[in-house]
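Below is one structure, written out as structure tokens; the observations come after it.
All heavy atoms count here, side chains included; hydrogens, waters and symmetry mates do not.
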Amino acid sequence: MTQCKITLDDRLLADIVNPNEIDAYAPALAAAEKMLSEHNGPGNDYLGWLDLAEKTPDSLVDAINEKATDLRKKADVLVCIGIGGSYLGARAAIDFLSPSFEDLRSPRVLFAGNTINSDYLDDLLTLLKDKEVAVNVISKSGTTTEPGVTFRVVRQWMEKRYGRPEAAKRIVATTDAKSGALRALAAEEGYSTFEIPGDVGGRYSVLTPVGLVPIAVAGIDIRKLLAGAAQMAGICAGNDAKGGLSGRYAVLRNILFRRGYGIEVMASFQPQLHFVGEWWKQLAGESEGKNGTGIFPASLDYTTDLHSMGQWMQEGVRTVFETFLYIRNTRSTLTVPRFSDDSDELNYLAGKSFEEINRQAYAGTLFAHIDGGVPASSIMIEDRTEETLGQLFYFFEKAIALSGYLLRVNPFDQPGVEAYKKNMFALLGKKGFEKQHEDLAGRMSKAGMA
Ligand code: PA5
């Protein structure tokens with residue numbers, strides 16, 4: 001029997017959300033679940049993630065592990081170039097499962113191509129100077145500007161440093177099976193490649209080679225990660241339509257949204273969860289924010305942010321609901337030491353573990369925010385293991401897909417992200433964007449920006 005490592009504790013919502021309201025969602029939830037399982041809802045070309053873990057062949061896991069072993073032997077640093085769905089999942093997994101400081105990780109996986117900032121890139125090249133380096137460039141389309149221009153710089157640096165043939169042996173490209181500029185370049189240069197399945201969108205791609213390659217290079221057991229996701233797929237399949245786990249979370253957030261709580265804050269209590277929050281924001285934001293609707297996903301890191309955003313959360317505009325993310329079992333059992341002088345009056349905490357104190361901080365915050373008018377529930381995560389993280393990734397993917405269908409949007413497209421790109425291309429003089437260039441230049445000059 002599979003142990004479910006993720007639980008949703010919504011007991012404190014009982015005074016806010018009536019069980020009848022939850023029951024009233026049952027038909028819509030069952031319909032959403034049916035659209036997913038029968039592949040006949042909006043965006044059904046992008047449902048490859050549903051059974052990805054079970055369907056990933058052993059041969060692919062072996063090939064990724066083999067490449068990872070090779071790169072781990074060759075390199076102290078893997079530079080991982082990608083943005084959005086081609087970045088956040090790997091970063092979330094590596095941060096969740098690895099030691100807290102990059103200096104304690106070997107090899108280090110450093111991320112680039114997720115901003116357009118020369119200072120960052122320059123600093124990265126400075127850091128790489130006396131290191132052995134490998135590169136994983138990740139882009140499904142192969143045409144995204146941020147990783148594209150970053151890879152130009154890093155490729156040039158690699159070729160200068162190692163010569164073109166050796167650089168090619170140290171570069172791995174993860175991209176579409178057939179199309180795109182990166183696929184063509186990889187073939188020309190002889191880079192090793194991994195394919196991104198066509199039926200898995202960027203934000204759902206962490207368990208494809210997009211995430212699995214860097215995660216494996218970081219020394220993480222990707223088989224266990226996939227096993228966790230497969231377990232959660234089984235748990236969800238039997239439960240969601242009946243309002244269990246992912247289904248229940250999807251329903252609760254929709255009920256709160258319709259009551260006017262338009263913002264969901266994912267508040268985590270351990271720093272290893274920071275990038276899980278970032279990954280979730282993309283998953284939820286890109287899936288639901290369209291057609292003039294969508295819950296706005298935000299994330300906070302407690303207790304750090306209780307000292308900056310805590311005031312707002314307690315007493316600000318009451319349009320926000322909160323989902324706490326809490327890891328039950330941390331790895332360290334460090335306790336607070338006793339000092340006989342007790343000059344800081346903290347001896348009442350002596351002998352208590354940091355996690356016991358953190359647990360009370362969590363419980364105290366939960367009750368304070370509920371009392372302050374913020375509907376709150378918690379997602380409890382058993383531990384920091386690969387299996388658990390695999391379960392967590394799948395839980396959220398399934399929940400957000402269901403939630404998107406409950407909101408009556410296509411959770412698998414992202415037409416809105418093109419708008420800024422078109423403007424940027426026009427402003428930078430890309431061929432084919434001449435008309436937009438003229439329009440924007442006129443608007444800029446009118447606004448005094450020219
Ligand atoms: O979810 C998405 O589709 C996006 O966030 C993409 O992942 C992101 O834009 C990167 O795209 P690509 O992998 O094509 O470079």
Side-chain angles (χ1 to χ4, degrees), residues 36 43-57 60-61 63-64 67-68 78 80-97 109 111 113-114 136-144 146-148 172-180 182-183 186 193-218 220 222-223 225-226 228-230 232-233 275-288 386 389-401 404 410-414 417:
L36 286 179
N44 57 45
D45 285 350
Y46 289 95
L47 295 178
W49 57 273
L50 267 173
D51 50 5
L52 187 64
E54 302 93 302
K55 284 202 175 146
T56 302
L60 176 59
V61 177
I64 292 173
K67 186 40 85 182
L78 175 76
C80 203
I81 301 174
I83 195 165
S86 293
Y87 155 58
L88 287 162
R91 185 134 199 200
I94 293 169
D95 271 25
F96 183 87
L97 293 163
V109 178
F111 293 89
N114 52 71
N136 183 195
V137 53
I138 309 167
S139 177
K140 187 169 187 201
S141 60
T143 56
T144 308
E146 291 89 336
V172 177
T174 308
T175 188
D176 183 77
K178 292 193 189 80
S179 65
L182 184 56
R183 172 61 56 187
T193 57
F194 288 96
E195 289 176 13
I196 307 177
D199 58 356
V200 181
R203 57 191 174 274
Y204 281 84
S205 69
V206 57
L207 299 173
T208 72
V210 167
L212 295 178
V213 174
I215 292 170
V217 174
I220 291 163
I222 56 171
R223 242 178 250 283
L225 192 66
L226 289 165
M232 186 54 87
F275 273 98
V276 171
E278 297 298 311
W279 171 84
W280 168 83
K281 279 195 294 202
Q282 187 201 359
L283 181 70
E286 268 190 359
S287 299
E288 297 185 328
E386 285 93 339
L389 183 63
Q391 290 196 5
L392 185 69
F393 277 145
Y394 193 92
F395 159 77
F396 275 131
E397 289 176 352
K398 184 76 190 289
I400 294 299
N410 174 354
F412 306 110
D413 67 359
Q414 56 285 328
V417 299

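The closest donor-acceptor contact from the side chain of N136 to the backbone of C80 lies at 3.5 Å or more, if one exists at all. A donor-acceptor contact shorter than 3.5 Å links the side chain of Y394 to the backbone of L50. Judged by distance alone, with hydrogens and angles left aside, the side-chain atoms of Q282 form a donor-acceptor pair with the main-chain N or O of G85 at under 3.5 Å. Side chain of T175 to backbone of S139: a donor-acceptor contact under 3.5 angstrom is found.
Atom-to-atom distance recorded for L392:CG and W280:CH2 is 12.0 Å, nearest 0.5 angstrom. Between the CG atom of D176 and the OG1 atom of T193 there is a distance of 11.0 Å, given to the nearest 0.5 Å. Rounding to the nearest 0.5 Å gives a distance of 8.0 Å between CZ of R203 and CZ of F412. Residue L226 holds its CG atom at 8.5 Å from CG of L60, rounded to the nearest 0.5 Å. Taking CG of D413 as the reference point, atom CG of D45 lies at 11.0 Å (rounded to 0.5 Å). Between K55 atom NZ and L207 atom CG the span is 15.0 Å, to the nearest 0.5 Å.
In plain terms, the two heavy atoms of R183 and K178 that are nearest each other are CG-O, 3.1 Å. Between G89 and F393, the shortest heavy-atom distance links the atoms O-CZ, 3.9 Å. Across every non-hydrogen atom of A186 and A173, the tightest pair is CB-CB, 4.0 Å. Heavy-atom minimum distance, E146 versus G113: CB-O, 3.2 Å. Nearest heavy-atom pair across E386 and L97 is N-CD2, 3.5 Å. The two atoms that bring E54 and A233 nearest to each other are OE2-CB, 3.7 Å, heavy atoms only.
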Identify each donor-acceptor pair in which a side-chain atom of residues 208-218 lies under 3.5 Å from a protein atom, sequence neighbours left out, and give them as a table.
residue	atom	partner	partner atom	Å
T208	OG1	S205	O	2.7
T208	OG1	V210	N	3.1

### Query
How far apart are the C-alpha atoms of D95 and W279, what are their side-chain angles, what is the distance that settles it, and do they pass the side-chain contact (heavy atoms from CB on, under 4.5 Å) test?
CA-CA 12 Å; D95 271 25; W279 171 84; over 6 Å; no
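Results of the side-chain contact (heavy atoms from CB on, under 4.5 Å) test with T174 over I81, I138, I64 single out I138 as the only residue that passes.
In this structure the side chain of Y204 reaches within 4.5 angstrom of the side chain of S287, judged on heavy atoms.
Taking a 6.0 Å sphere around CZ of F275, one finds it holds more than 12 heavy atoms contributed by other residues, nucleotides or ligands.
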